[in-house]
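Everything below concerns the one structure shown next.
Below, read A as the first sequence line, B as the second, and so on, with proteins coming before strands; counting in each chain starts at 1. Values below: all heavy atoms of this structure, side chains included; hydrogens, waters and symmetry mates excluded.
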There are 2 protein chains.
Amino acid sequence: MKIEDALRQRGGRMTMQRRLILDALARARHHTTADDIQRQLRAKGFEIDASTIYRNLEVLEGLGHVTHTHLDDRVTRWHRADEERHGHLVCTVCGAETEVPMAALRPLARRLMERYGFAADLAHAAVSGICEQCRVVQSS
Amino acid sequence: MKIEDALRQRGGRMTMQRRLILDALARARHHTTADDIQRQLRAKGFEIDASTIYRNLEVLEGLGHVTHTHLDDRVTRWHRADEERHGHLVCTVCGAETEVPMAALRPLARRLMERYGFAADLAHAAVSGICEQCRVVQSS
DNA sequence: GAAGATATCGCAACTCCCTGCAATAGCGCC
DNA sequence: GGCGCTATTGCAGGGAGTTGCGATATCTTC
């Protein structure tokens, strides 16, 4: 297991909780929430404290095994780092989420690098705004 | 007072709490937080419930009097709508915030409109990433 | 295989924000 | 000016996420 080695290399330890969380992440199709993970583990009979889950997701993010993104609500979404990265458009009126390929966002990232030396992660937070349908409804 | 009229026109009422919050916003230099407002009013001897502040900020946002943005922490920042709008770059390593003019973000907004019919508000959420200094430090 | 160092866990408490509900207070109208 | 309608308030409670701390478990070393 690669992650296990990476962990130990940094003086970390492989605990049962960590293993279970890793397992839940591996099983997750797309993105998960901390609550999803807790619920899933609870269903299997393991009761793991929420703070343990949050702390472990942070550690796993440090190891580059997962990343997180924020849509326009207050729930953090977690993804395995091996999934293909993409941006999100979230409609503030109807809540619709649209995925957009990173390619569409890259020109801005390039510009921000050139002008500000800033390595932007445009997949980290959703872009909020108003989707086509809602715009039509509003203006009518 | 324009806002007061806009409020009443929609069947709203001008309460003492509303007036105080409006006053605090007028006094705020740049951006404020709900907590700032509560603290400021408390200092003047007015104790207003936090939920009242949140609800009022929401109402005022509906009237177009204020807007809010999310930097990369969990605290919502509120601005008067008459302030000039700008984007934010937030470094996930050192926390540094850089303001960027909307002009720098507009090409992406235009692209998202053309391709997805999505009216993006690129000032709503900060762009997170790694600033120049931190990038230099990391790679050394 | 046991011991020691310390990373990690669970718990409790806290922060920011949101929501339901009963009580209150603005507003429009007579 | 008083009355009734109902928007708004404060309070209590809840959800997501974070933090400090003492107890525990994992890893390293002998």
Look at the side-chain N and O atoms of [X] and state whether any lies under 4.0 Å from the OP1 or OP2 oxygen of [N].
X	N	answer
A:S51	D:dT18	no
B:R13	C:dA25	no
B:Y54	C:dC18	no
A:R8	D:dC27	yes
B:T15	D:dT9	yes
B:Q17	D:dG10	yes

Distance, rounded to the nearest Å, where [X] contributes [atom1] and [N] contributes [atom2]:
X	N	atom1	atom2	result
A:W78	D:dA16	CH2	C1'	13 Å
A:R19	D:dT26	CZ	C1'	10 Å
A:H68	D:dT18	NE2	P	8 Å
B:Q38	C:dC18	CD	P	14 Å
A:R74	D:dG14	CZ	P	17 Å
A:M14	D:dT28	CE	P	12 Å
A:L20	C:dC9	CG	C1'	13 Å
A:R55	D:dG20	CZ	P	10 Å

Taking atom types as modelled and ignoring hydrogens, do the side chains of [X] and [Y] form a donor-acceptor contact shorter than 3.5 angstrom?
X	Y	value
B:D36	B:H31	no
B:H68	B:E61	yes
B:H86	B:E99	yes
A:S51	A:D49	yes

Checklist line | First encountered from the 5' end of DNA chain C, between B:D35 and B:M16 | finding: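 The answer here is B:D35.
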Next item on the list: Could you tell me the separation between the CG atom of B:L7 and the CG atom of B:N56, rounded to the nearest 0.5 Å?
Entry: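 It is 8.5 Å, given to the nearest 0.5 Å.
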Notebook entry, point to check: B:D49 has a side chain; which of C:dC17, D:dC11, C:dG10 sits nearest to it?
Noted result: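 Nearest to the side-chain atoms of B:D49, counting from C-beta on, is D:dC11.
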